[in-house]
Each structure stands twice: as structure tokens, then as C-alpha cells.
Amino acid sequence: MNSFDREYEGQLAAFRDRGVIRLEGLIPPEKVEAAVNAARDRMSPAGIWEDGGWLVDHLRQAPINEGAKFGRKLKGAPEFDELVVGEIPNVVARLLDDRPTFCGMAVPQPLFTLPNADSWEVPHNVWHLDVPRLPDCGIPGVQIFTFLETVAPTGGGTLVVAGSHRLLNGNERISSKNVKRRLKDEPYFRDLMSADTPNRQRFIDEVGHCGDVELQVVEMHGEPGDVYFVDLRVLHTPAPNATPVPRIMLTRRFFLESQREAIYGDDNRETMS
Ligand SMILES: O=C(O)CCC(=O)C(=O)O
């Protein structure tokens, strides 16, 4: 075992088991500070960052595309590119057994959500995959997420179903829509994706099962500098933001070079790049 694998041994095993891990403080503080400041600087002319604080209360009832409008202002900051070089590609490479990868988008993608909810629960809708299940593929790549502001629990961090990457792996291509359709045959996913299911906090607090696969909803929250690594087979969804501050995250997808054709090579492409 090399020194890298020794350092991350537990995390590598957790990643294979759950399809999601968080490495705290992975990005050097000076890069984090530059990126956070760049995000705030871009929000300042838009009038929602002023004198060291967020001014977003008046936007609480704003239509959903208002948040997207602010998110677009974050696109292309060079400070964001700097966050995802260095240790992140090294970890991704190890999670993919050092096989060559390519990025689905030229630059990392900001994820921005205004405060938009008075209360918070695990959503029943918008669960999806960015990549179909690919025949005889195993893991097709890794998506990383980091934070450009502190994202507290209930603060709009992306939700994933840990363990879901272990389901429906076979020798056929299955679209995101059909993965969902098939998963709904299982009580865990039928309940998760039904608006009629009460007590939705249990999806986070308790471990569910599908056969011998353990499943649990994980809410991404953390500090700038922390990084989540997610198997691209993991079911995920955007979440409401019930805190008084915007949710600002950054994501990037690393795909296996060997799957380029399967991912991009036909009209069936599903990636969000
Ligand atoms: O947290 C979000 O806005 C959703 C992110 C997402 O679905 C994705 O990046 O694939």
C-alpha cells in the first residue's frame, strides 16, 4: 500500500461501500479564501453582498429562476478553477484506480440557491442521475462538490442516496428515468419518491435496505475547503434552502476516458455538462 492509500485507507473503503465521502479541509486555505472572495465580489454589484453580509431577505419569495440568475454571475471565475486542481484530481484518480479521466465541462459549475423555504424536509422529487447506468461499466466517474460559503444542515446542500450506486449494475444501458422507474419497485425508493410519505427525516436518520444493500440519504453540508466525492451512479437531488443565507457550492464531474463514447457517443446523452 502506498502512502496515499494509507492516508485515505478508510475513506477509500467508505467510498466503495457508500458511494460518497467527505474530506474536510482538503483545499489549501489561501485558495479557498480567494475563491470565497471572488464569489462575494461577483454578488456585490448584484446588491446581495454588502458590508460583509448577505442581503437576501427580500428575495425569499422570489421565483426559482431568480436564484439561477445570480448563479450565472458566478460562472467562469478563475479562482474557482484553482480550487479543483491539486489534491482533488489525485483523490479522484485513486477512487478510479488511476484510470484516465476527462472533465465533462471546461470549468467547474457553481450551484447557487437563494433562501427559499420556511421549513426543510427531504424532497420526494427531482431525484436523478447525470449519467445512465452503462453496460458492464461499474463506476463511470466521480463528481466532486465543494463550498463557497458555509452550508449548514437544511441550507440547500445537494442530497444523495448513499449506497444507491450498488443497485442496477448489469450489462444494459439504463437511462436515469428508467433507473428511477425500476428503483420505485423497491419499498425504500417508492417511499422516498412519494409525496405521501410522512416523517421524511428518517431517510437521513435511519439506514434503509434494498436486499443486502444499505441505503441512507446524506445531506452535503460543510465549510469552504471541504470536498465531497460522489460515485456518478449515486441518485441525487437539489434540496430546499431553509437558512437565511444563499447556498453556494461548486461541482465538477470527472468521467472515465474509457466511457467517453458510451457517455457522449449517442443522442441519449444525459450528462448535465
Ligand atoms: O444541488 C444541486 O443544485 C443539484 C446538483 C445536481 O443535481 C448535479 O450537480 O448533478
Side-chain angles (χ1 to χ4, degrees), residues 19-22 39 56 59 62-75 80 83-84 88 92 101-117 120-134 139-162 164-165 175-177 179-180 183 189 192-193 203-204 217-224 226-243 245-255 259 263-264 269-273:
V20 53
I21 51 171
R22 175 170 73 162
V56 287
L59 293 168
I64 200 90
N65 59 0
E66 197 69 15
K69 215 171 73 189
F70 290 113
R72 281 196 289 277
K73 295 184 193 303
L74 293 170
K75 278 196 178 154
F80 300 168
L83 287 187
V84 294
I88 289 178
V92 168
T101 58
F102 67 98
C103 285
M105 15 179 192
V107 290
Q109 179 188 349
L111 301 170
F112 183 97
T113 323
L114 287 166
N116 60 10
W120 191 94
E121 66 173 14
V122 174
H124 70 277
N125 57 3
V126 201
W127 291 98
H128 66 280
L129 299 172
D130 299 345
V131 180
R133 282 289 189 275
L134 300 173
I139 182 170
V142 172
Q143 183 168 8
I144 68 98
F145 296 83
T146 187
F147 305 93
L148 291 169
E149 285 289 334
T150 299
V151 175
T154 77
T158 314
L159 299 174
V160 303
V161 183
S164 56
H165 63 303
S175 68
S176 167
K177 203 161 112 195
V179 166
K180 273 170 66 171
L183 288 177
F189 289 100
L192 178 68
M193 293 189 242
F203 293 108
I204 289 190
V217 172
V218 172
E219 181 190 12
M220 291 188 202
H221 52 79
E223 299 293 331
D226 298 347
V227 185
Y228 280 86
F229 294 82
V230 182
D231 184 318
L232 271 165
R233 291 170 295 177
V234 166
L235 199 67
H236 58 279
T237 187
N241 178 2
T243 65
V245 293
R247 181 283 298 245
I248 315 183
M249 292 170 65
L250 199 67
T251 188
R252 183 150 235 207
R253 299 178 189 84
F254 298 82
F255 301 105
Q259 297 300 323
I263 292 167
Y264 284 112
R269 75 177 60 164
E270 285 184 62
T271 54
M272 296 170 68
S273 48

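Remember, it's 1-based here, ligands and their atoms both numbered in the order they're listed.
Looking at His128 against ligand 1, only its side chain comes within 4.0 Å, counting heavy atoms. Within the 4.0 Å heavy-atom criterion, neither part of Gln109 lies near ligand 1. With a 4.0 Å cut-off on non-hydrogen atoms, Thr158 touches ligand 1 through its backbone as well as its side chain.
Annotation: the span from Phe145 atom CZ to Arg253 atom CZ amounts to 7.0 Å, rounded to 0.5 Å. Distance CG/Leu129 to CZ/Arg233: 10.5 Å, rounded to 0.5 Å. Rounding to the nearest 0.5 angstrom, the gap separating the OG1 atom in Thr113 from the CD atom in Glu66 is 13.5 Å. The NZ atom of Lys180 lies 8.5 Å from the NE2 atom of His128; values are rounded to the nearest 0.5 Å.
Between Thr251 and ligand 1, no pair of N/O atoms sits closer than 3.5 Å.
Among Arg252, Arg247, Met249, Arg253, the residue whose heavy atom lies closest to atom 2 (C) of ligand 1 is Arg247.
Those atoms of ligand 1 that come under 4.0 Å of a heavy atom in Asp130, given as number and element, are 8 (C), 10 (O).
Taking the six-membered ring where the residue is Trp, Phe102 and Phe255 present tilted rings, their angle falling between 30° and 60°.
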